[in-house]
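These notes are about the structure you will find just below.
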Number of protein chains: 2
Amino acid sequence: MADPEDSTDTVTADHVAAAAGVSRWTVARAFKKDASISRQSRERVIAAAEALGYAPDLMASSLASDRSNLIALITNDFNNPHKLVLLERLTRILWSRGWGTLLVHMSDSEDASAALLAASQRRVDAAVVIGTRFDDKMLETALGARRLKKLVIFARYSQNPNTLTIACDDVIAMRQMADHLLERGYRKPVFLAGPDTQSAKLHRKSTFTEYWQERTGTHVPSINAAAYDFGPAIDRVTALLQDRTAADRPDVLVCENDIIAIGAMDAIRYRLGLRVPQDIAVTGFDDIPLSSSPAYQLTTYRQPITAMAECLLEVLEGKLTHDVALPGQFIARQTT
Amino acid sequence: MADPEDSTDTVTADHVAAAAGVSRWTVARAFKKDASISRQSRERVIAAAEALGYAPDLMASSLASDRSNLIALITNDFNNPHKLVLLERLTRILWSRGWGTLLVHMSDSEDASAALLAASQRRVDAAVVIGTRFDDKMLETALGARRLKKLVIFARYSQNPNTLTIACDDVIAMRQMADHLLERGYRKPVFLAGPDTQSAKLHRKSTFTEYWQERTGTHVPSINAAAYDFGPAIDRVTALLQDRTAADRPDVLVCENDIIAIGAMDAIRYRLGLRVPQDIAVTGFDDIPLSSSPAYQLTTYRQPITAMAECLLEVLEGKLTHDVALPGQFIARQTT
DNA sequence: ATAATTGTTGCACGCGCGTGCAACGCTGTG
DNA sequence: CACAGCGTTGCACGCGCGTGCAACAATTAT
């Protein structure tokens with residue numbers, strides 16, 4: 001047992017134990033919920049701990065147990081403001097429940113393995129992938145290299161059998177979107193998706209086009225922006241519409257997410273000099289803060305982030321072991 | 001010494017040592033830069049490690065040494081897209097140099113102490129505060145409660161003597177901004193700042209107003225938005241301009257940052273029906289991605305984030321122990 | 001050949017706490 | 001009074017690796 005009288009500035013459980021007149025293990029129990037300890041012992045320990053400024057060392061605790069209470073938040077798409085919303089919500093909720101969040105940047109495919117390695121070296125209890133540009137094959141490769149306890153794909157779909165997916169229900173969402181557009185009289189949609197990844201199945205696009213086909217019997221053309229960013233979206237939409245007559249234009253651009261939709265609106269307004277929604281309507285997905293600004297007033301669909309985060313907590317606690325898709329909320333504004 | 005033959009799935013240095021025919025400590029040296037080890041020993045160890053899929057456990061390493069190689073990134077202002085840029089740059093650069101980043105949400109004053117406590121419980125080597133709404137007094141209180149090895153204020157000024165500040169040089173920036181505006185013939189600026197915090201000295205505002213006074217002899221009125229977000233900025237600017245005649249209006253709104261400037265532009269265009277810059281010019285600060293979109297084309301000032309991050313690395317390595325203010329880059333676009 | 005020097009390797013001990021078990025004290029019943 | 005039952009407490013051992021030093025081998029100087 002260490003001498004509690006030494007002059008080191010770090011206060012350990014031994015110091016508190018000496019001050020409270022109990023053993024080190026009783027101190028640990030005082031800080032552990034549902035531990036077998038008498039009320040008076042706990043109170044005495046807590047009082048001594050406060051007097052000494054003691055707080056359990058979570059790093060040492062992680063080493064001794066096999067839980068780190070650390071979650072790696074892995075993301076790559078820092079151009080999309082929606083990431084900021086996701087990060088904010090996740091970190092806030094996770095920390096409030098005792099989980100720490102390690103923010104990891106995953107730039108490209110080669111980097112995926114490095115990111116997962118870095119996370120595993122920190123003994124994270126789970127890695128949560130928050131992103132849109134992830135290749136399923138890449139993830140599988142990276143997973144093979146480094147075994148993590150849990151891998152959760154958040155706010156995106158994945159076909160990978162070794163992962164758990166928590167996402168917004170794109171099927172409900174896109175059908176509602178299609179119903180809304182049909183009701184408003186739109187008949188010639190074009191779907192604007194993000195970069196064309198190989199293995200990730202694009203739920204939003206396929207759901208929308210198939211449902212539209214089903215309801216109207218007409219085919220929905222689709223195009224891809226080179227990145228989930230407004231710049232490439234502007235370029236792609238400008239190229240699409242540049243030389244078309246009014247009769248030849250789509251009447252609505254259905255975009256895979258808000259940041260692309262905003263690029264589409266910018267192209268329509270500032271590159272082509274047309275009006276939204278009078279000349280062409282636009283819809284998005286995510287409901288990022290900017291979408292509610294007077295400049296855009298975008299019709300979109302809000303993901304149920306808080307509910308999704310609650311699901312993540314259940315997954316982390318082992319109470320939930322299957323994929324989840326939650327319905328969000330349709331938001332009608334001025335662009336349709 | 002543990003038996004390397006056991007069937008556990010975690011590979012430790014002991015396993016690698018047995019495979020390579022050396023001691024555990026030689027394995028550790030093989031993974032440590034500038035360690036005293038022969039080339040052939042290192043190669044043999046690395047080969048054995050790769051074969052076994054070994055990677056050093058950074059958590060155990062942190063416990064044994066008194067370095068965690070972990071940095072807490074503490075922020076609160078998740079409405080400003082600029083935070084996303086800062087987070088991306090910092091995490092990428094820090095991880096590439098071997099530092100892990102713990103993302104911590106600090107919502108309000110009471111929370112500051114909790115955030116710092118959480119960080120210290122994880123044994124972070126330093127906490128980096130990335131934000132705009134921090135009260136110096138609050139930080140001091142929180143610091144008193146939990147001693148951290150280092151506390152760095154990033155991209156913001158602080159008067160706190162116990163912290164290190166790494167920021168953009170607001171004096172150079174705002175003088176250049178003022179020179180630019182005078183050169184373009186603007187004479188009646190209004191400064192639009194964020195929420196009026198008590199102790200944080202607003203460098204940008206005071207620098208601009210004092211320098212303007214110095215060059216023109218005229219006073220610069222200033223107003224405050226209730227938050228660093230476009231919504232409150234829209235409200236404040238609308239209230240400012242609502243009932244004014246053209247002669248009575250400012251000719252330029254100098255904003256403390258881009259997100260507020262974008263709110264100002266939205267107010268001018270969509271609430272008042274005026275044009276930027278013909279009726280009123282606008283300037284920002286940060287150069288967030290949206291500022292370069294065709295919808296805004298905002299004249300602004302870009303912070304030297306990468307250089308600031310490099311400074312942070314030097315602080316973390318102990319090579320730098322004093323405050324730093326770095327010049328950024330003035331970006332002239334269409335709003336002036 | 002011997003000593004001095006440099007480069008390389010092994011090891012005892014500890015970082016702060018968790019796990020699982022054994023021992024303790026208390027209450028109430030027969 | 002003895003016993004079981006229960007709540008409570010203490011403890012040996014280990015988590016995986018770093019530190020500082022001592023021992024050793026390889027090289028050069030004398």
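Protein chains get the first letters and strands the later ones, always in sequence-line order, with residue 1 at the start of each.
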Heavy-atom check, side chain of B:Asn69 versus side chain of A:Arg122, under 4.5 Å: yes
Proximal nucleotide (of D:dC17, C:dG10, D:dG16) relative to the B:Thr26 side chain: C:dG10
B:Arg89 with B:Glu310: basic N within carboxylate O range, under 4.0 Å: no
Proximal nucleotide (of C:dG18, D:dG10, C:dG16) relative to the A:Ser61 side chain: C:dG18
Side chain of A:Trp25 (C-beta onward), nearest among D:dC17, D:dT8, D:dA12: D:dA12
With A:Cys311, the side-chain contact (heavy atoms from CB on, under 4.5 Å) member among A:Ile166, A:Thr306, A:Leu316: A:Ile166
OP1 or OP2 of C:dT9 under 4.0 Å from side-chain N/O of B:Ser41: yes
Rounded distance (Å) that lies between atom P of D:dC15 and atom CG of A:Leu58: 21 Å
Rounded distance in Å - OH (B:Tyr54) to P (D:dG16): 10 Å
From C:dG10, D:dT9, D:dC17, nucleotide with atom closest to B:Ser23 side chain: C:dG10
Minimum-distance nucleotide (side-chain atoms of B:Ala60 versus C:dG18, C:dC17, D:dG16): D:dG16
Backbone N/O of B:Arg29 and side chain of B:Arg42: donor-acceptor pair under 3.5 Å: yes
Side-chain-base donor-acceptor pair under 3.5 Å for A:Arg67 and C:dG18: no
Integer-rounded Å distance: C:dT8 P and B:Arg29 CZ: 11 Å
Whole-Å distance separating the CZ atom of A:Phe31 from the C1' atom of C:dC17: 13 Å
Residue whose nearest DNA chain C nucleotide is more 5′ - A:Ala28 or B:Arg39: B:Arg39
Heavy-atom closest contact (A:Lys149 atom, A:Asp66 atom, distance): NZ-O, 2.5 Å
Protein-nucleotide distance (A:Gln40, atom CD; D:dG7, atom C1'), rounded to Å: 12 Å
Atom pair distance, as rounded to whole Å: CG in B:Leu52 and C1' in D:dG16: 16 Å
pair A:Leu320-A:Leu312: side-chain heavy atoms closer than 4.5 Å: no
Length of the line joining B:Asn69:CG and C:dC15:P, which is rounded to integer Å: 20 Å
Side chain B:Arg24 and base D:dG18 donor-acceptor under 3.5 Å: yes
5' precedence on DNA chain C between A:Ser65 and B:Gly21 (nearest-nucleotide basis): B:Gly21
Selected nucleotide, minimal atom distance to A:Leu63 side chain, candidates C:dG16, D:dT9, D:dG18: C:dG16
Minimum-distance nucleotide to A:Arg123 side chain [options: D:dC11, D:dC15, C:dT9]: D:dC15
Whole-Å gap separating P (C:dT19) and CG (A:Asp34): 13 Å
Any B:Thr10 side-chain nitrogen or oxygen under 4.0 Å from OP1 or OP2 of D:dG16: yes
Minimum-distance nucleotide (side-chain atoms of B:Ala64 versus D:dG18, C:dC17, C:dT9): D:dG18
